[in-house]
Amino acid sequence: MSERLVTVGRGVELCLEEFGRAADPVLVLIMGIGTQLIGWEEAFCRQLADGGSLRVVRFDNRDVGHSTWFTQAGRPDLGAVAGGEDSGLAYTLSDMAGDVVGLLDALGADRAHVAGASMGGMIAQLVAIAHPDRIASLISIMSRTGAPGEGESTPEAVEVLLRPAPAGRQAYIDAGLPSALVIGSPGLIDEQPMRRRRATAFDRGLNPEGFMRQMAAIFADGDRTERLAGVRAPTLVLHGEADVLIDPSGGRATAAAIPGARFALIPGMGHDLPEARWPAIVAAILDHIADAP
């Protein structure tokens with residue numbers, strides 16, 4: 001396993017890693033806002049690849065990690081973007097969904113199972129909406145439709161999400177636990193792996209401006225409920241029972257919007273992927289993929 005860059009069009013390169021055999025069906029994993037491919041733990045990816053005979057692909061979204069960073073100066077006006085203006089909007093979630101299709105092209109995959117967490121779930125939804133011929137099944141994890149009043153955050157979770165990252169390496173590593181205690185899975189936070197993951201993230205490269213550009217793209221996409229009604233890909237929606245960053249109502253609304261979608265609530269899970277819940281998450285994903293035509 002090693003990182004490699006692929007060109008997905010429009011001057012964007014994505015950094016990816018693969019698990020499993022090249023001949024097996026592809027499962028693409030899309031991570032959330034500002035989060036690098038290591039947000040999908042290596043052992044988690046291997047469980048999916050080995051358990052389902054899958055070619056599992058994790059990657060850095062644009063503006064994250066080792067993928068292409070954008071260079072627009074200044075911070076986007078999130079209020080203006082939410083109001084329908086494109087002030088400071090460098091790209092859209094639909095552009096990021098296009099990146100996923102470009103990734104499939106680079107992999108030589110006509111179709112793939114597509115799973116996304118949080119913002120990654122929104123991107124995965126847009127792949128299913130705009131590129132139905134490229135998606136074998138959809139898995140939306142701890143995400144939402146964008147509809148007002150569904151999947152809202154607590155004030156404490158919003159504060160954690162928008163808190164500036166500390167500048168120094170050790171300070172950045174140390175800041176992980178206080179944030180996880182707010183938005184993570186209660187009683188299931190494993191501090192040492194989290195510290196190692198944050199150290200790796202810092203060393204690979206943090207992009208605070210990219211985080212804000214991605215946030216603007218989320219705001220600009222708005223409510224996908226009507227668009228989701230046209231999705232025909234077999235869909236599984238997973239959500240943590242204890243999620244305070246995207247309330248479980250966001251997952252329920254997503255499942256309700258997509259015809260035939262199945263919804264599963266993961267007990268005790270917050271806005272993270274705790275190892276203690278991997279067996280349930282992996283089993284649900286593999287069963288869903290096995291049932292897909």
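Note: hydrogens, waters and symmetry copies are ignored here, and every other heavy atom, side chains too, is used.
Proximity of Pro234 to Pro293: side-chain heavy atoms (C-beta onward) are separated by under 4.5 Å at one or more points. Residues Phe59 and Val100 form a side-chain contact, since some pair of their non-hydrogen atoms from C-beta on lies under 4.5 Å apart. Two residues are said to be in side-chain contact when any heavy atoms from C-beta on lie closer than 4.5 Å; His239 and Ile246 meet this criterion. You'll find the side chain of Arg277 stays beyond 4.5 Å of the side chain of Leu273, heavy atoms only. For the pair Glu17/Val57, no side-chain contact is recorded, criterion being any heavy-atom separation below 4.5 Å from C-beta on. Side-chain atoms of Tyr91 and Asp63, non-hydrogen and from C-beta on, do get closer than 4.5 Å to each other. You'll find the side chain of Met269 reaches within 4.5 Å of the side chain of Ile281, heavy atoms only. Counting heavy atoms from C-beta on, the side chains of Val64 and Gln214 come closer than 4.5 Å.
Cluster membership for Val6 and Val114, using ILVMFWY side-chain heavy atoms within less than 4.5 angstrom, is shared. Linking ILVMFWY side-chain heavy atoms closer than 4.5 Å, directly or via other members, places Phe211 and Trp69 in two distinct hydrophobic clusters. Linking Ile, Leu, Val, Met, Phe, Trp and Tyr whenever their side-chain heavy atoms come within less than 4.5 Å leaves Val127 and Leu37 in two separate clusters.
Using a 4.0 Å cut-off between a side-chain N of Lys or Arg and a carboxylate O of Asp or Glu, Arg62 and Glu13 do not qualify as a salt bridge. Arg144 and Glu150 are not joined by a salt bridge, as no carboxylate oxygen comes within less than 4.0 angstrom of a charged side-chain nitrogen. Salt bridge absent: Arg213 and Glu209 never bring a charged side-chain N and a carboxylate O closer than 4.0 Å. A salt bridge links Arg227 and Asp221; the closest N-O separation between the charged side-chain nitrogens and carboxylate oxygens is under 4.0 Å. Ion pairing of Glu18 with Arg4 is present here, as a side-chain N (NZ or NE/NH1/NH2) and a carboxylate O approach within less than 4.0 Å. Ion pairing between Asp190 and Arg196 fails under the 4.0 Å rule for side-chain N and carboxylate O. Here Arg10 does not pair with Asp95 in a salt bridge; the nearest charged N to carboxylate O distance is not below 4.0 Å. In this structure, Asp174 does not pair ionically with Arg198, as no charged nitrogen and carboxylate oxygen lie closer than 4.0 Å.
Neither side chain, Thr200 nor Asp203, offers a donor N or O lying under 3.5 Å from an acceptor on the other. If you check the side chains of Asp24 and Ser53, you find no donor sitting under 3.5 Å from an acceptor.
A donor-acceptor pair is defined here as one N or O able to donate and one able to accept, closer than 3.5 Å; such a pair exists between the side chain of Gln36 and the backbone of Gly205. Listed for the Asp60 side chain is a donor-acceptor partner under 3.5 Å among the backbone atoms of His66. Between the side chain of Ser249 and the backbone N or O of Gly151 there is at least one donor-acceptor pair closer than 3.5 Å. Formation of a donor-acceptor pair under 3.5 Å by the Thr235 side chain with backbone atoms of Ala261 is not found in this model. No donor-acceptor pair under 3.5 Å is formed between the side chain of Thr7 and the backbone N or O of Gly9. Thr35 places no side-chain N or O within donor-acceptor distance of the main-chain N or O of Met31, the cut-off being under 3.5 Å. Looking only at distances, a side-chain donor or acceptor of Ser67 sits under 3.5 Å from a matching main-chain atom of Cys15. In this structure, the side chain of Ser143 engages the main chain of Ser118 through a donor-acceptor pair within 3.5 Å. Arg224 places no side-chain N or O within 3.5 Å of a backbone atom of Gln125 that could act as its donor or acceptor partner. Of the possible donor and acceptor atoms, none in the side chain of Gln47 sits under 3.5 Å from a partner among the backbone N and O of Phe44.
The minimum heavy-atom distance linking Thr225 with Ala147 is given by the pair OG1-CB, 3.9 Å. Of all heavy-atom pairs spanning Ala257 and Thr145, the tightest one is CB-CG2, 4.5 Å. Residues Ala128 and Ile135 share a closest heavy-atom pair of CB-CD1, 3.8 Å. In plain terms, the two heavy atoms of Leu286 and Gly51 that are nearest each other are CD1-C, 3.6 Å. Thr254 approaches Gly250 most closely through the heavy-atom pair OG1-O, 2.8 Å. Of all the heavy atoms in Ala175 and Pro166, the pair that sits closest is CB-CG, 3.8 Å.
Atom CE of Met194 sits about 8.5 Å away from atom OG of Ser179, to the nearest 0.5 Å. Here the CG atom belonging to Leu48 is positioned 11.5 Å from the CZ atom belonging to Arg58, to the nearest 0.5 angstrom. The CD1 atom of Ile183 sits 9.0 Å away from the CE atom of Met142 when rounded to the nearest 0.5 Å.
Dense packing is recorded around CZ of Arg195, with more than 12 heavy atoms of other residues, nucleotides or ligands lying under 6.0 Å away.
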Step-by-step salt bridge (charged side-chain N to carboxylate O under 4.0 Å, His left out) determination, Arg204 to Glu3:
CA-CA 12 Å; Arg204 291 181 85 242; Glu3 293 183 3; 3.0 Å; yes
